[in-house]
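Notes follow the structure.
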Amino acid sequence: MTPAMIFVLILLLTMFAALIFEVARPDMVIFSVLVILLLSGILTVEEALSGFSNEGMLTVALLFIIAGAVQKTGFIDQLMEKWLQNSRTHTGTMMRFFVPISAFSAFLNNTPIVVTFTPMIKKWCETRGIAPSKFLIPLSYATILGGMITLMGTSTNLVVHGLMLDFGLKGFSLFTLTIVGVPVALIGLIYLFTIGYRLLPDNKGFGERMKEDSKEYIAEMQVTQNFANLDRSVEQAGLRELKGLYLIEIIRGDERISPVRSTTVIQTGDRLIFTGLISTIADLQKIKGLELETGTNITLHDLKDGSTSLVDAVVSDQSSLLSKSIKQSKFRSRYDAGVMAVHRNNERIRSKVGDIVLKPGDSLLLVAGGDFVEKYQQSNDFFVVSSLDTPPILNQSTKKGWVSVFLLLAMIVTVTLGWLSMFKAMALAIFILLITKIITPQEAKKSVHFNVLLLIASSLGIGTAMMKTGLAEWIASVLLRFGEPLGLVVILFLIYILTNVFTEIVTNSAAAVIMLPIGIEIAQRLAVDPRGIAVLIAIAASASFITPIGYQTNLIVYGPGGYKFTDYVKVGFPLSLIVMVTSVLIIYYVWF
C-alpha cells in the first residue's frame, strides 16, 4: 500500500467511527472528509467539486421537488383514505395499503411518502383500536422495497447511475432495476403480511400512552395574594428556570395562555400548569403564594382549546435542534410551543425537560399554537408533525392533484420511450409545475433536502479519491483473493453483505458511493458486466431493514410507532436475508 492509500483508508475508518458515534450530522462528517482530501492534495479542486455537478446528484434534487409537488396537493392521501375505508381484516388492510404504497415509491421519493402517511396510519389504527406499531415499520419497509423497482425510486439508484456515467460506463435505464426490484418487492411484502406482522410489537401510539400517563407529569399550582411576584413577568418571577419543571399553560378564568411566554404577567388567581419531573414539586411548594392543587383534574385533553393543540413531532436527522438541550435551543420562543415530554426507544425520558439533549427519531409531545402543524409540516427540523386530535387538513384542489399526477406519468412515459433523459424530463416537469403555479419557487426550495445533496456530492468526491489512489483496486484484490476460489456467486454475496453493512452503519448513498468503485474494479478483473455489479450495489445499499438509523424512513416511524432498536433487528433481519438471496440469484442468472 502506498502512503496515499493508507491516508485515505485511515480517513475512511475515522469517518465510519464518526458516523457510528454520531459525532456530527452525516453530511457534515462526510463533507469534512472531502475538505481534508482537498487540502491534502489527494483531490484537485475540480475532482472535489465534480460531485456537485454530477447528473445523479442533480437528478435527486429535482426528484425531491416533484415528490414535494405531488405530496402538497394531498391527492394521493385522499385516494388512499377512500381506498382504506372498506378494509376489514388486518392482512386485507396491509395488502390494500402497502401494495399501492410500494407502487408509488417506485416513482416518488419514499421519504415524503412515509412523512405523509405516518399520521394517517396512526389515526386510522387508533380509531379502530389497532396498535400503530403493527403498521408503521411495514410502511417504511414497503417504501424501501418499492424504491428498488425503478431508477427514480430512490436517491441511491440515481447516485449509482450518475457515478456509472462519471466512470464512462452506460448508466441504468428507467426500468433496468425492475427485473430484480419487482420479485424482491413481492417476496418482501408477502413476508411482511405473514411472518413479519407476527414479529411486530403491540405498542400503543405515543399520544395514547401520553394521555394515559398524563397524571404522572402534570401539576397545577394556584397563585394567591401572598405571591411575592404578582403583576411581574414569568421570567421576573423566577418561573422560567425551575429545576426539572416547565410552565406550559396558565388558566386565567375562562382564558388559557399557552404556550407561556417569558413576558407573560402573573396575576392573582392564575392556575399554573407545570410538566416535567413531578418528584421535584416540593420545590414549587416552598415558593410562598403558590398552592398545590392536589385534586386537579387537568388532563392532556384539557390542555387545548381553539388556539392551542397537542402535537406529536419527530426530530429529523437534519434538524438544527440536534446536540443541544431543549433549553439551549430556545425551543419555546423559537416554535411558540412547549415540550411536555420526550420519548426515545419506547420510553419517556425521565429527566428535566429543558436539559434533554435531542437525538434523531425522538418523539416530542408539544402544547403548541393552532397553526403549528401547518407551519412546520415541511420543516427540516421535524419529520412528522401531526396533531393528536385531528388528521392533517388537505386544502389543495383536486384539479391541481390531477395535473401533478398526470405530469409525473407523462415524465415516466417520455423517459421510458427514450425521448428525454431522466434529468431533462424532470427539469421539464418542474418547469411546468412552476409556470402553472402548482408549486411556488419557495415551496420547490423547501422540498429539497440540501443536507442529502451535500452528503451525496461529498461522497462522490471520496469515491474519486478511492479510485485515484488505488485504494478501491487494493480492496477489490483482497475481496477477490478470498472469494475467487469459491466462485462468482460467493463474490456477489460478499459485495452485497459489505454494501449492506455500510448502509446500516453509515447512510445508503455513502455506502453505494464507497462500494461502486470497488465493484467496478472487481468486474474489470473478472471480465464481467459491471452493470450487474452496479445493480447489486444499488439494491444492497437500499435494503436497510435492520436498524432505524440506516435509512431515513426507518427513523421517521421510530418514535411514532413506539419501537425499540431490537424491533428492527427482529423484523428486519429475516427480510434482509430474503432480499439478499433473491437479489443475488436473479442478478447472477440475468447478468452473469
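Just so we're clear, the structure is a prediction, and the values are computed from it rather than from any experiment.
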Can you tell me if CZ on Arg261 sees more than 12 non-hydrogen neighbours from other groups inside 6.0 Å?
no

Assess whether atom NZ of Lys445 is packed by more than 12 heavy atoms of other residues, nucleotides or ligands within 6.0 Å.
no

Identify, with sequence neighbours excluded, every residue that meets salt bridge (Lys or Arg N to Asp or Glu O under 4.0 Å) alongside Asp567.
none

Might you point out which heavy atoms bring [X] and [Y] nearest each other, and give the distance in Å?
{"X": "Ile144", "Y": "Ser544", "value": "CD1-O, 3.4 Å"}
{"X": "Ala237", "Y": "Phe227", "value": "CB-CZ, 4.1 Å"}
{"X": "Val159", "Y": "Ser509", "value": "CG2-OG, 4.3 Å"}
{"X": "Leu454", "Y": "Ser458", "value": "O-OG, 2.7 Å"}
{"X": "Ile121", "Y": "Leu136", "value": "CG2-CD2, 3.9 Å"}
{"X": "Ala67", "Y": "Leu108", "value": "CA-CD2, 3.9 Å"}

Hey, does the side chain of [X] reach the backbone of [Y] with a donor-acceptor pair shorter than 3.5 angstrom?
{"X": "Thr264", "Y": "Val234", "answer": "no"}
{"X": "Asp270", "Y": "Leu272", "answer": "no"}
{"X": "Lys134", "Y": "Leu200", "answer": "yes"}
{"X": "Glu291", "Y": "Met221", "answer": "no"}
{"X": "Tyr141", "Y": "Phe545", "answer": "yes"}
{"X": "Ser329", "Y": "Ile326", "answer": "yes"}
{"X": "Tyr563", "Y": "Ser133", "answer": "yes"}
{"X": "Gln236", "Y": "Ser233", "answer": "yes"}

Does the side chain of [X] reach to within under 4.5 Å of the side chain of [Y], using non-hydrogen atoms?
{"X": "Phe117", "Y": "Ile101", "result": "yes"}
{"X": "Ser319", "Y": "Pro360", "result": "no"}
{"X": "Leu290", "Y": "Val223", "result": "yes"}
{"X": "Asn451", "Y": "Met28", "result": "no"}
{"X": "Tyr551", "Y": "Val114", "result": "no"}
{"X": "Asn229", "Y": "Ile266", "result": "no"}
{"X": "Ile66", "Y": "Met152", "result": "no"}
{"X": "Val315", "Y": "Lys359", "result": "no"}

Distance check, rounded to the nearest 0.5 Å: [X] atom [atom1] versus [Y] atom [atom2]?
{"X": "Arg344", "Y": "Leu364", "atom1": "CZ", "atom2": "CG", "answer": "10.0 Å"}
{"X": "Ser155", "Y": "Asn508", "atom1": "OG", "atom2": "CG", "answer": "5.0 Å"}
{"X": "Arg256", "Y": "Ile273", "atom1": "CZ", "atom2": "CD1", "answer": "7.5 Å"}
{"X": "Gln225", "Y": "Thr268", "atom1": "CD", "atom2": "OG1", "answer": "5.5 Å"}
{"X": "Asn554", "Y": "Ile137", "atom1": "CG", "atom2": "CD1", "answer": "7.5 Å"}
{"X": "Glu443", "Y": "Leu433", "atom1": "CD", "atom2": "CG", "answer": "10.5 Å"}

Decide yes or no on side chain to side chain contact (heavy atoms under 4.5 Å, CB included) for Phe383 and Leu555, but give the supporting numbers first.
CA-CA 9 Å; Phe383 275 136; Leu555 197 59; 3.9 Å; yes

Aromatic rings Tyr558 and Tyr568: how do their planes relate, parallel, tilted or perpendicular, breaks at 30° and 60°?
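Correct class here is perpendicular.
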
Under 3.5 Å side-chain donor-acceptor pair for [X] and [Y]:
{"X": "Asp381", "Y": "Ser320", "value": "yes"}
{"X": "Glu504", "Y": "Thr547", "value": "yes"}
{"X": "Ser140", "Y": "Thr553", "value": "yes"}

Between Phe502 and Phe16, is the ring centre distance below 6.0 Å?
yes

Between Tyr335 and Phe382, is the ring centre distance below 6.0 Å?
yes

With sequence neighbours excluded, residues passing ring-ring contact (aromatic ring centres under 6.0 Å, His included) with Phe565
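Checked Phe565 against ring-ring contact (aromatic ring centres under 6.0 Å, His included); zero matches.
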
Which of these passes side-chain contact (heavy atoms from CB on, under 4.5 Å) with Ile556: Thr143, Leu139, Val314, Val115?
Val115

Go through the steps for Asp231 and Gln267 under the test side chain to side chain contact (heavy atoms under 4.5 Å, CB included), then give the verdict.
CA-CA 6 Å; Asp231 301 319; Gln267 296 179 12; 4.2 Å; yes

